[in-house]
Asker: 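Before we start, here is the structure in question, set down as C-alpha cells.
Atoms within each ligand, like the ligands themselves, are counted from 1 in listed order. Heads up: numbering here begins at 1 and tracks the sequence. Any value given below was found using the heavy atoms of this structure, including those in side chains, with hydrogens, waters and symmetry copies removed.
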Amino acid sequence: MFVRYDDEVLCHSFEPIHLEDIEDRTHESFHLLLNRQGLGKEFLGWMDLPLQKEEDLKLLFDVAQEIRESGDVLVCIGIGGSYLGAKAVISSLFPNENKIRFAGKHLSPLELTRLLEELREKDFYINVISKSGTTIEPGIAFRFLRNLAYEKYGKEASHRIIATTDASKGALRALSEQEGYRTFTIPNDVGGRFSVLTPVGLLPILAMGGNLQSILKGAKAGYDQAILDDRTNPAFRYARNRKILLKNGKAIEILATFEPQIHFLAEWWKQLFGESEGKKEKGLYPASAVFTTDLHSLGQWIQEGTRNIFETFLIIDTYDTDLLIPHDDQNLDSLNYIAGKSLSWVNQKAYEGTLKAHQEGGVPVSTFHLDRLDEENIFELLVIFEFAIAIYGYTLGVNPFDQPGVEAYKKNMFRLLGR
Ligand code: PA5
C-alpha cells in the first residue's frame with residue numbers, strides 16, 4: 001500500500017452528530033455496492049478489473065509491444081472515458097513521450113489539421129476507442145485519420161488500425177469486421193469513465209512503456225483498501241467526508257496538486273466524479289488546481305472568496321528526480337537561506353503553508369499522499385477514487401454509472417446538424 005488518505009484534521013472539525021449519522025448512511029451505501037444491489041448494478045464490472053492477472057492480458061500486451069517496438073506514433077482517438085484514463089497516466093508517468101497523440105476529443109479544425117499535417121511525415125498506428133461506436137467527435141477524427149492511413153499504407157493500413165469497442169454493437173464493430181481491423185473489447189458492464197483498466201486505458205499505456213505488473217499490483221492494492229469494512233478504508237472515509245461537507249453547505253471540491261505533471265489525473269477525476277454524481281440537482285462540483293501556479297491566480301479566491309468550497313490535496317511524498325537550490329555568492333535575490341535545499345522540500349513547505357492558510361481561511365482540507373510517482377501509486381489511487389465515487393453516489397441516491405444529462409447537448413447538436 002502506497003496511497004494514504006490523511007483526513008485527521010478534517011474529521012476533528014466535524015460535529016460528532018454529523019459524523020455518526022452520515023457514517024451510517026455511507027456504511028449502507030458501501031454494502032449496497034459490495035453486495036452489488038444498488039442502482040446501476042449492471043455496470044459494476046470495473047470492480048473486478050483490479051483482480052485481472054497478467055496472463056489474461058497477453059494479447060493486449062503483445063499488440064502494445066508491437067506498437068512500442070515499431071517506434072511509430074500511436075494516435076489514440078476517443079473522448080471522455082475513452083481518452084482521459086490513458087492521457088492521465090501517460091502524461092503523469094511519461095511526460096516526454098513523443099510517440100503518442102490524442103485525437104477525437106474535440107471538434108477543432110485547427111488541431112486536427114495540425115495533426116494530419118504532422119502525420120503525413122510520420123509512420124503511425126491508430127487506436128480508435130469508442131464503446132458506443134457512434135460518438136461524433138472520435139467518429140469524425142477517425143474518418144480523416146483512416147483516410148490518411150489508407151492513402152499512406154494502402155491495404156496495409158488495416159493492420160495499423162486497432163479498434164477498442166463494444167463486443168457486438170455499434171458502427172465501429174461493424175466497420176472493424178468489414179475492414180479486418182484488430183479489435184479489443186470494452187466489457188458490457190464497464191462504463192467509459194471506469195474503463196482505465198480495460199484495453200481502453202491499458203493498450204495506450206502499455207504501448208508507451210507502462211509496466212503491467214506494477215499497474216496490476218497498484219490496482220489490487222487500491223482494491224484491497226477500498227473493500228475493507230472498517231474505518232481505515234480511504235474510499236469509505238473520502239465518500240463520507242464529501243457527504244458531510246455537502247450537508248454543511250459546501251458545493252465545490254477543489255482537487256489541488258503541487259505537481260503540474262499530474263494535472264491530467266485531476267482531469268480524469270473531474271470526469272469520473274462529475275459524470276457520476278451530478279444528477280437530480282445533487283452533487284458537488286469537481287474543480288481542480290495546480291499549485292503553486294494557481295496560488296498566484298485562484299489563491300486569493302480560495303483564501304477569502306465564497307465559503308462554499310473544500311479542498312482535497314494530491315501530494316507526492318518522494319521524488320526520484322530532484323534539484324538542489326544553488327548557492328550564489330552575491331545573493332542579490334536573498335535566496336541563500338534555502339541554498340542546498342531540494343526543490344521538492346521547498347514544494348513540500350509550500351503545500352504545508354497552503355494547507356494551514358486555507359484551513360484557517362475556512363476551507364476544509366484533507367490530503368491523498370502518493371508515496372512516489374509510479375504505476376503502483378497511480379493505479380492504487382485510481383481504484384480508490386472509483387470506489388469512493390460509487391459509494392458517495394449511493395449516499396446521494398443517484399445512479400453513479402449512467403450519464404443521461406450528456407445526451408441533451410447531443411440532441412440539439414444533431415438537430416442543428418440536420419441528422
Ligand atoms: O464515461 C462515459 O461513459 C463517457 O464519458 C464516454 O466515455 C464518452 O462519452 C465517450 O463515449 P464512447 O466511448 O461511447 O465514444
Asker: List the closest protein heavy-atom neighbour of atom 7 (O) of ligand 1: residue, atom name, distance to the nearest 0.1 Å.
Answerer: Gly81 N, 2.9 Å

Asker: Would you please indicate yes or no on a ring centroid separation below 6.0 angstrom for Trp46 and Phe387?
Answerer: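 Here the rings of Trp46 and Phe387 have centres that are less than 6.0 Å from each other.
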
Asker: Can you list the atoms of ligand 1 that are under 4.0 Å from a heavy atom of Gln403?
Answerer: 3 (O)

Asker: Are Tyr238 and Tyr5 close enough that their ring centers fall under 6.0 Å?
Answerer: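 Yes, the ring of Tyr238 comes within the 6.0 Å limit of the ring of Tyr5, centre to centre.
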
Asker: Suppose we measure from atom 3 (O) of ligand 1 to each protein heavy atom; which comes out shortest, and what is that distance?
Answerer: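 The closest heavy atom on the protein side is Gly192 N, 3.5 Å.
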
Asker: Give me the nearest non-hydrogen protein atom to atom 5 (O) of ligand 1 as residue plus atom name, then the distance to 0.1 Å.
Answerer: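 Answer, as residue, atom name and distance: Gln271 NE2, 2.5 Å.
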
Asker: For ligand 1 and Lys410, I'd like to know whether there is a polar contact (N/O to N/O, distance under 3.5 Å).
Answerer: no

Asker: Show which atoms of ligand 1 fall inside a sub-4.0 Å distance from at least one heavy-atom site of Ser132.
Answerer: 12 (P), 14 (O), 15 (O)

Asker: Under 6.0 Å between ring centres, would you say that holds for Tyr153 and Phe124?
Answerer: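 They qualify: ring centres under 6.0 Å apart.
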
Asker: Checking a contact table here: which protein heavy atom is nearest atom 2 (C) of ligand 1, and how many Å away?
Answerer: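 Checking every protein heavy atom, the shortest distance to atom 2 (C) of ligand 1 gives Glu275 OE1, 3.4 Å.
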
Asker: What is the nearest protein non-hydrogen atom to atom 10 (C) of ligand 1, stated with its residue, atom name and distance?
Answerer: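 Checking every protein heavy atom, the shortest distance to atom 10 (C) of ligand 1 gives Ile79 O, 3.2 Å.
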
Asker: Is the ring pair His31/His27 parallel, tilted or perpendicular, if the boundaries are 30 and 60 degrees?
Answerer: perpendicular

Asker: Within this structure, what is the CD1-NZ distance for the pair Ile100 and Lys87, rounded to the nearest 0.5 Å?
Answerer: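 Going from the CD1 atom of Ile100 to the NZ atom of Lys87 covers 8.5 Å.
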
Asker: Tell me if the centroids of the rings in Phe385 and Phe368 come within less than 6.0 Å of each other.
Answerer: yes

Asker: Give, for atom OG1 of Thr183 and atom CG of Leu172, the distance between the pair rounded to the nearest 0.5 Å.
Answerer: 9.0 Å

Asker: Which residue and non-hydrogen atom of the protein lie closest to atom 11 (O) of ligand 1, and at what distance in Å?
Answerer: Thr135 OG1, 3.6 Å

Asker: Distance under 4.0 Å to a non-hydrogen atom of Ser82: what atoms of ligand 1 satisfy this?
Answerer: 7 (O), 12 (P), 13 (O)

